[in-house]
Student: 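Have a look at this one.
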Number of protein chains: 2
Amino acid sequence: MTQRSAGVDHRRTDTRDRALSVGLRLFATQGYANTSLREIADELGVTKAALYFHFKTKEDILSGILLDHIGAINAMVEEAGPSLATLDGREVLLRRVAEYQAGRSTHLVRLIRENFTEISNLPFGAEIKKGQRRLLEALAGPDATLVGRIRARTAFMAIQTAAMAAEWESADEKDVHEATLAIALEVLRGGDSG
Amino acid sequence: MTQRSAGVDHRRTDTRDRALSVGLRLFATQGYANTSLREIADELGVTKAALYFHFKTKEDILSGILLDHIGAINAMVEEAGPSLATLDGREVLLRRVAEYQAGRSTHLVRLIRENFTEISNLPFGAEIKKGQRRLLEALAGPDATLVGRIRARTAFMAIQTAAMAAEWESADEKDVHEATLAIALEVLRGGDSG
DNA sequence: GTCTATATATGGATAGAC
DNA sequence: GTCTATCCATATATAGAC
């Protein structure tokens with residue numbers, strides 16, 4: 001939920017939503033620290049002061065962008081629940097994560113990946129880290145060995161990178177995603193079957 | 001070569017080298033944009049102005065840190081040469097890359113990975129990107145299919161991530177590296193043998 | 001090689017009018 | 001909701017003495 005009200009929208013402008021969208025793109029392509037409020041405001045056709053009506057601080061914009069994402073990841077892990085005890089259940093979770101990330105613009109993935117240090121040092125950065133940690137543990141399964149945890153991490157990294165690979169590979173985006181998912185599943189599965 | 005002269009060192013101080021070292025650590029842990037020259041100078045026990053004797057600009061410090069790295073990666077690819085036509089040769093290259101990255105402090109890997117957007121937009125950022133692209137193509141081998149290229153990328157990402165995994169995994173660092181290399185080789189190898 | 005002092009720009013953020 | 005005007009902190013970078 002990016003909007004505040006669930007029913008009819010009583011807002012007089014859509015500046016807030018547009019700011020989140022522009023902010024996502026600029027933060028992802030230029031970096032959070034390198035993007036000024038003036039740049040965002042200019043693209044929106046408003047002044048910096050106008051932004052401060054919608055967001056208390058610059059961090060607030062970043063927070064607004066990321067909150068949905070954290071929620072979605074956490075929800076997927078929780079929904080998986082007891083099914084994570086089996087390899088099949090964990091494969092389903094990995095497929096869902098891949099689907100989710102492929103559906104989003106590449107910007108969100110890039111934003112988190114390439115501004116990870118900065119985000120980590122932010123007040124709510126701990127939440128992001130905790131979410132990723134939980135996801136990796138879920139993918140690794142209960143009582144995972146070191147090798148199992150590394151498999152989970154590698155599989156997740158493959159998926160994550162694929163979301164940005166459209167720029168790198170000349171191939172069709174859908175083909176890249178499918179091939180990557182196949183390899184990620186292969187990695188997660190590993191030699192064993194439990 | 002971080003030093004300017006090959007023979008006896010005639011410099012009166014080691015400020016330049018220490019600056020590169022401190023800069024690497026701060027850039028990696030806080031981000032390039034979030035690290036000021038004052039912070040670096042303070043840690044060195046000198047003033048900002050002193051830094052400007054050794055480096056023309058702030059970017060120059062980053063450049064000084066990264067130049068060695070680019071050279072090392074390029075050298076490894078070129079040394080591999082015709083051996084890259086075989087899977088065995090490509091596995092050797094991957095091992096060398098893993099060895100190289102594990103030997104360095106985690107900071108260099110983090111610096112590149114988590115400031116990639118910023119570095120890309122820098123004047124010499126194209127060199128970094130070109131170097132990584134060449135490495136991935138080398139690992140994939142000549143006439144690689146899409147799947148082959150994704151395997152190469154995934155294997156490399158696994159290695160790269162392992163260099164930072166000491167903080168995440170409670171296990172012994174050496175064990176993490178060994179297990180990761182094994183999985184990376186497995187991914188690179190894939191189903192086929194050519 | 002390093003210092004003090006300063007030029008200059010830009011950033012985030014606020015006050016108050018409309 | 002948005003504006004103009006402004007505050008204030010901090011940043012990179014330079015000038016010139018020692």
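Quick note: numbers below take in every heavy atom, side chains included, and nothing from hydrogens, waters or symmetry partners. Naming convention: chains lettered A, B, ... in sequence-line order (proteins, then strands); numbering from 1 in each chain.
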Student: Strictly below 4.0 Å: does B/Y52 bring a side-chain N or O up to OP1 or OP2 of D/dT14?
Tutor: no
Student: Atom CZ of A/F53 to atom C1' of C/dT14: distance rounded to whole Å?
Tutor: 15 Å
Student: Regarding C/dG12, can its base be found pairing with the side chain of A/K48 as donor and acceptor, where the two atoms are less than 3.5 Å apart?
Tutor: yes
Student: Atom CG of B/L44 and atom P of C/dG1: how far apart are they, to the nearest Å?
Tutor: 14 Å
Student: How many whole angstroms separate atom CD1 of B/I61 from atom C1' of D/dT12?
Tutor: 11 Å
Student: Going by an N to O cut-off under 4.0 Å, is there a salt bridge joining A/E178 and A/K174?
Tutor: yes
Student: If you assign A/E39 and A/K56 each to the DNA chain C nucleotide with the nearest heavy atom, which residue ends up on the more 5' nucleotide?
Tutor: A/E39
Student: What integer distance in Å separates A/I40:CD1 from C/dA13:C1'?
Tutor: 14 Å
Student: Does the side chain of B/Q30 come under 3.5 Å of the side chain of A/N121 through a donor N or O and an acceptor N or O?
Tutor: no
Student: When you measure from the side-chain N and O atoms of B/T13 to the phosphate of C/dT2, is any distance below 4.0 Å, counting only OP1 and OP2?
Tutor: yes
Student: Using OP1 and OP2 only, check whether a side-chain N or O of A/R38 sits under 4.0 Å from C/dT10.
Tutor: no
Student: Would you say B/T47 places a side-chain N or O within less than 4.0 Å of OP1 or OP2 belonging to C/dT2?
Tutor: no
Student: Less than 4.0 angstrom between a side-chain N/O of A/T15 and OP1 or OP2 of D/dT2, yes or no?
Tutor: yes
Student: Among C/dA13, D/dT12, D/dA13, which nucleotide has an atom closest to any side-chain atom of B/S36?
Tutor: D/dT12
Student: Rounded to whole angstrom units, what separation is found between the CG atom of B/N34 and the C1' atom of D/dA9?
Tutor: 15 Å
Student: Tell me: NE2 of B/H54 to P of D/dA13, nearest whole Å?
Tutor: 16 Å
Student: Is it true that the NZ or CZ of A/K58 lies under 6.0 Å from the centre of A/Y52's six-membered ring and within 45 degrees of the ring axis?
Tutor: no
Student: Measure NZ/A/K58 against P/C/dT10 and give the value in whole Å, please.
Tutor: 15 Å
Student: Check every atom of D/dT14, D/dC3, C/dA13 against the side chain of A/A50 and return the nucleotide holding the closest atom.
Tutor: D/dC3
Student: Between A/R189 and A/E186, is there a side-chain N and carboxylate O pair less than 4.0 Å apart?
Tutor: no
Student: Taking A/E127 first and then A/K130, would you say they form a salt bridge - that is, a charged N and a carboxylate O separated by under 4.0 Å?
Tutor: yes
Student: Out of C/dG11, D/dA15, C/dT2, which nucleotide sits closest to the side chain of B/A49?
Tutor: D/dA15
Student: Rounded to the Å, how far apart are A/E59 CD and C/dG11 P?
Tutor: 17 Å
